[in-house]
Q: 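The structure that follows is given in the form of structure tokens.
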Amino acid sequence: MKKTVFGRLSDGREVHQYTLTNRLGSVAQIIDYGATVTSLIVPDRNGVMQDVVLGCDSLQGYVDGTAYFGAIVGRYGNRIANGRFQLDGIWYQVSVNDGANHLHGGRIGFNKVLWNVEIPVGSSDPSIRLRYVSRDGEEGYPGTVVLQVTYTLTAKNELRIDYEGTSDKPTVLNPTHHSYFNLSGSFTNPIVAHELQIESDLFTPVDAGLIPTGELAPVENTPMDFRSLTPIGLRIDDPYKQLRFGQGYDHNWVLRDYSGKIRKAAELYEPSSGRVMTVLTDQPGLQFYSGNFLDGKAKGKNGIAYALRTGLCLETQAFPDTPNRPDFPTTTLRPGRTYRQTTIHQFSTR
Ligand code: BGC
């Protein structure tokens, strides 16, 4: 485990980068600002080690950026309609930062704060634990939430993310990890040649503001059908209303077999490198976002400008706008209970 200074915030606090290296030579780098994965280096089918996540060259890029590169987002990952919801008969207004809606925790979400770091003892795989205390009222949310996120780089080339959260008042909690993946080895390659499979028969259609309508719609006979491995670019520009709303894919899929146990959620395959990323999770949903808002303005690592659809996110989560949808799997966290999530990004080749 290597620890280096990554930069300094305007209030003088230092931000550190931690480098996890496993026995296979794969590397994950994480900074305590936003609990952000800044690089993830894994082999292609010829053993060539390359970075597969988009990110920024310096701390300032993460501080100023709006793309959530590699961060943990929260308290609520994804959207809450109008930033309003009712809990135990009380209405809450959380910050509105995406048109009329709340997105990814608000103006200063978990991606824009400095976390505390602990190095777990006795873990055989390189691992880092980050902790953030979100005070009562932050961004409009009730209750003080303590969230711990542990990243582990296992000997099987898995980046494992374990979440544990508590609150002293009833609140909502739905954090997720927001890495933009591009398995090709070059961030100038669009992700449309990647092939994707999602363990899902249904998705949650949205309105023009990307808020679920409440319906669970079959993917069958639509461009949302990823039941078998399908090139992402095959249907992305089809004249299909849902794709127009997202300017591409930006939707939540209802994962099969939700029971709280970890199971496969998705597989991503990049034919030129042979890299495969299998995503496993205990969550009910998966947001597949095809990088439709990357516009070449944000300069990333090595000065590369991230053009349209050069990275994609697979965000394991509860469904968007659940606080306003009592029929969706709950995101309510009560005092005395513990929020838990485990998500695994497993890398292999073929
Ligand atoms: C959302 C997109 C949003 C992006 C921000 C994704 O998780 O689904 O709608 O634009 O995050 O980078």
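In this chain, residues are counted from 1 in sequence order. When a ligand or atom number is given, it counts from 1 through the structure's own listing order.
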Q: Going by the order shown, which atoms of ligand 1 are within less than 4.0 Å of some heavy atom of Y180?
A: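 This gives 12 (O) as the contact atoms.
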Q: Check ligand 1 against H104 and write out every atom of the ligand that is under 4.0 Å from a heavy-atom position of the residue.
A: 1 (C), 6 (C), 7 (O), 11 (O)
Q: Number the atoms of ligand 1 from 1 as they appear, then name those within less than 4.0 Å of a heavy atom of N78, with their elements.
A: 8 (O)
Q: Could you tell me which atoms of ligand 1, counted from 1 in the order shown, lie closer than 4.0 angstrom to a heavy atom of E315?
A: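 Close to E315: 6 (C), 7 (O).
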Q: State the atoms of ligand 1, each with its element, that fall below the 4.0 Å cut-off from a heavy-atom position in A67.
A: 12 (O)
Q: Is any NZ, NE, NH1 or NH2 atom of the basic residue among E199 and K264 found under 4.0 Å from an Asp or Glu carboxylate oxygen of the other?
A: yes
Q: Any Lys/Arg nitrogen of R309 or D237 sitting under 4.0 Å from an Asp/Glu carboxylate oxygen of the other?
A: yes
Q: Would K299 and D57 pass as an ion pair if we require N to O under 4.0 Å?
A: no
Q: Nearest to atom 6 (C) of ligand 1 by heavy atom, H178, Q287, R79: which?
A: H178
Q: Would you say R337 has more than 12 foreign heavy atoms packed within less than 6.0 Å of its CZ?
A: no
Q: For atom 4 (C) of ligand 1, what's the nearest protein heavy-atom neighbour? Residue, atom name and distance, please.
A: Y289 CE2, 3.8 Å
Q: Which of the numbered atoms in ligand 1 are under 4.0 angstrom from any heavy atom belonging to F293?
A: 9 (O), 10 (O)
Q: Considering the options F293, F288, F69, which one meets the ring-ring contact (aromatic ring centres under 6.0 Å, His included) requirement together with Y180?
A: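 Of all the options given, the one that passes is F69.
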Q: Could you check atom 5 (C) of ligand 1 against the protein and tell me its nearest heavy-atom contact, residue, atom and distance included?
A: Y68 CD1, 3.7 Å
Q: So, applying side-chain contact (heavy atoms from CB on, under 4.5 Å) with D162, which one of T343, T342, V149, I344 is it?
A: T342
Q: Can you name the atoms of ligand 1, numbered from 1 with element, that are less than 4.0 Å from a heavy atom of D250?
A: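 Checking each atom against D250, I get 1 (C), 2 (C), 8 (O), 9 (O).
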Q: With a 4.0 Å cut-off on N to O distance, would you call D282 and K261 a salt bridge?
A: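 No, this pair does not count.
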